[in-house]
Number of protein chains: 2
Amino acid sequence: MELYTPDQTDRDILTLLQKDARLTYKELAAMLHLSKSPIQERVKRLERLGFISSVVALIDPNKFENCMISYLQVQLTNHSVNAFRLFQQEVSKLNEVLECYHTTGGFDFMLKVVARNMIAYNDFLINKFGRLDNIGTLNSSLVITQAKRETALPV
Amino acid sequence: MELYTPDQTDRDILTLLQKDARLTYKELAAMLHLSKSPIQERVKRLERLGFISSVVALIDPNKFENCMISYLQVQLTNHSVNAFRLFQQEVSKLNEVLECYHTTGGFDFMLKVVARNMIAYNDFLINKFGRLDNIGTLNSSLVITQAKRETALPV
DNA sequence: GGTTTTTGCAGAATTTAATTCTGTTGATGG
DNA sequence: CCATCAACAGAATTAAATTCTGCAAAAACC
């Protein structure tokens, strides 16, 4: 179904739009030495084919008090295929979980979790996450500061 | 300097724009039962004051082969203030590093790293990251699959 | 090899959204 | 009680997105 391979121009567009999605076609065209038409066609194609999954506003968490981030590493007790799938399903329903990765290493999953404060985080761990089946070892790494925030993938 | 506290309408706007930054003022206005003017004024203010830090296109990494993600936990050997600052400075210059968090827990930092493949990742670890001063213990968690990807903070 | 089709590009015309401007209301403060 | 400011609404203007037409080069076909 998916047989389109972005060329260099497409990848240049993606690189620019990852930094600033409010660049106009005119601006993109000027930067890439093309006219508006091919730029728009390429952007629309990249959207239609799912290379661009969405356009979002990034919020600065530091502007809001009551916002803490934690990376939570999780080891399951049962490692069957079904157990893995069920865990991912259930954890995806939790609003506090921003990201969920199945990883190699000492733990099975790495979760990015957001909470208002430590009390809310504790409540999440005990009363929401803790109620899931199949949870073994946990390891929380609370974010103190963030030195870099880069959404752009090198495409 | 920063004495503005977003009200509920502002936070509603942020919630919506975090999901889809291409909503027009007209659409936002309809959703929030206002006219275009106050919506635009609020959005512009949220941008000006830094609550909205940027608007970006999100790319689906799965559409590209040759893209692996790793979470790299780092323990420093020297924990002085200057050593911390220097590490964050230097690591922020590395293109492979998407995010860098100073965290609590067994390690000092958690880095999100992107590479084309295992060879490139190894090259990054040995020849780029490994050349930094003050590196103690390392622990790589390679991302196998991603179950959830949520950019929106609950504001 | 010549013809047709497709693809990428350019530019103009149209539609739509963003921006700017003007005015109103209601709350705040001297 | 009047002046000031903030939030809102709506109209006018400007700018961008979209759509349409056409051209030229590459690819596919006979």
Side-chain angles (χ1 to χ4, degrees), chain A residues 1-60 62-66 151-155, chain B residues 1-60 62-66 151-155:
Chain A
M1 195 62 205
E2 195 49 77
L3 38 75
Y4 183 73
T5 305
D7 64 7
Q8 188 57 47
T9 303
D10 286 322
R11 283 185 275 126
D12 289 343
I13 291 173
L14 291 176
T15 299
L16 289 166
L17 290 182
Q18 280 193 106
K19 285 282 181 189
D20 181 5
R22 277 182 296 197
L23 290 168
T24 65
Y25 294 134
K26 194 175 166 186
E27 291 170 325
L28 284 172
M31 289 172 177
L32 301 180
H33 307 297
L34 281 170
S35 72
K36 281 164 40 181
S37 306
I39 297 290
Q40 180 173 12
E41 284 169 16
R42 284 165 179 275
V43 171
K44 290 298 174 191
R45 178 167 50 207
L46 291 169
E47 289 173 0
R48 180 165 36 83
L49 299 180
F51 291 91
I52 296 174
S53 52
S54 60
V55 173
V56 301
L58 296 184
I59 308 302
D60 183 351
N62 296 321
K63 291 284 178 178
F64 294 89
E65 298 151 31
N66 304 325
T151 56
L153 292 174
V155 293
Chain B
M1 192 68 200
E2 194 50 76
L3 39 75
Y4 183 74
T5 304
D7 64 6
Q8 188 56 47
T9 303
D10 286 321
R11 283 186 274 128
D12 289 344
I13 290 173
L14 291 176
T15 299
L16 289 166
L17 290 183
Q18 280 192 105
K19 285 281 181 189
D20 181 5
R22 276 182 297 198
L23 290 168
T24 65
Y25 294 134
K26 193 175 165 186
E27 289 169 325
L28 284 172
M31 290 172 175
L32 301 180
H33 308 297
L34 282 170
S35 71
K36 280 162 41 181
S37 307
I39 297 291
Q40 180 173 13
E41 284 170 17
R42 284 165 178 275
V43 171
K44 291 298 174 190
R45 177 169 50 206
L46 291 168
E47 289 172 0
R48 180 164 38 81
L49 299 180
F51 290 91
I52 296 174
S53 52
S54 60
V55 173
V56 302
L58 296 183
I59 308 302
D60 184 353
N62 297 320
K63 289 284 177 179
F64 294 88
E65 297 151 30
N66 306 325
T151 56
L153 291 174
V155 293

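Within every chain, numbering begins at 1; the chains are lettered A, B, ... in the order of the sequence lines, protein sequences first and strands thereafter. Keep in mind that this is a model prediction, so the values were computed, not measured.
Rounded to whole Å, atom C1' of D/dC8 lies 14 Å from atom CG of B/L32. The nearest whole Å value for the distance from the NZ atom in A/K26 to the P atom in D/dA16 is 5 Å. Distance CD1 (B/I39) to P (D/dG10): 13 Å, rounded to an integer number of Å. For A/L23 and D/dA16, the CG to P distance is 12 Å, given to the nearest whole Å. A straight line from NZ of A/K36 to C1' of D/dC20 spans 13 Å, rounded to a whole angstrom. One interatomic measurement links the two molecules: CD of B/E41 to P of D/dA9, which rounds to 10 Å at whole-angstrom precision. Separating the CD atom of B/Q40 from the P atom of D/dA7 is a distance of 15 Å, rounded to the nearest angstrom.
In this structure, the nucleotide among D/dA7, D/dA16, D/dG10 sitting nearest to the side chain of B/S37 is D/dG10.
At least one side-chain heavy atom of A/L23 sits under 4.5 Å from a side-chain heavy atom of A/M31. Contact annotation: the side chain of B/L32 approaches that of B/L16 to within less than 4.5 Å [non-hydrogen atoms, C-beta and beyond]. For the pair A/F64/B/L14, a side-chain contact is recorded, criterion being any heavy-atom separation below 4.5 Å from C-beta on. Residues B/L17 and A/V56 are not in side-chain contact: their nearest non-hydrogen atoms beyond the backbone lie 4.5 Å or more apart.
Between the side chain of A/S53 and the backbone N or O of B/L58, at least one donor-acceptor pair lies under 3.5 Å. Judged by distance alone, with hydrogens and angles left aside, the side-chain atoms of B/K63 form no donor-acceptor pair with the main-chain N or O of A/L46 at under 3.5 Å. At distances below 3.5 Å, not a single donor-acceptor pair connects side-chain atoms of A/Q40 with backbone N or O atoms of A/Y25.
Listed pair A/Y25 / D/dA15 fails the phosphate criterion, with no side-chain N or O lying under 4.0 Å from OP1 or OP2.
Residue A/L34 is the one, among B/R22 and A/L34, whose nearest nucleotide of DNA chain C lies closer to the 5' end (criterion: closest heavy atom).
A rotation axis mapping the C1' atoms of four pairs onto the next four is fitted at both ends of the helix from C/dG1-D/dC30 to C/dG30-D/dC1 over five pairs, and the angle between these axes is 30° to 10 degrees.
Contact check on A/R42 versus A/D12 returns no salt bridge, with no Lys/Arg side-chain nitrogen under 4.0 Å from an Asp/Glu carboxylate oxygen.
Residue A/R45 is classed as a sugar-phosphate contact, given heavy-atom separations below 4.0 Å to backbone atoms only. Residue A/S35 is classed as a base contact, given a heavy-atom separation below 4.0 Å to a base.
In terms of heavy atoms, A/V155 sits closest to A/Q18 at CG2-NE2, 4.2 Å.
Nucleotides of DNA chain C lying under 4.0 Å from heavy atoms of chain B occupy a range whose first and last members, 5' to 3', are C/dA17 to C/dT20.
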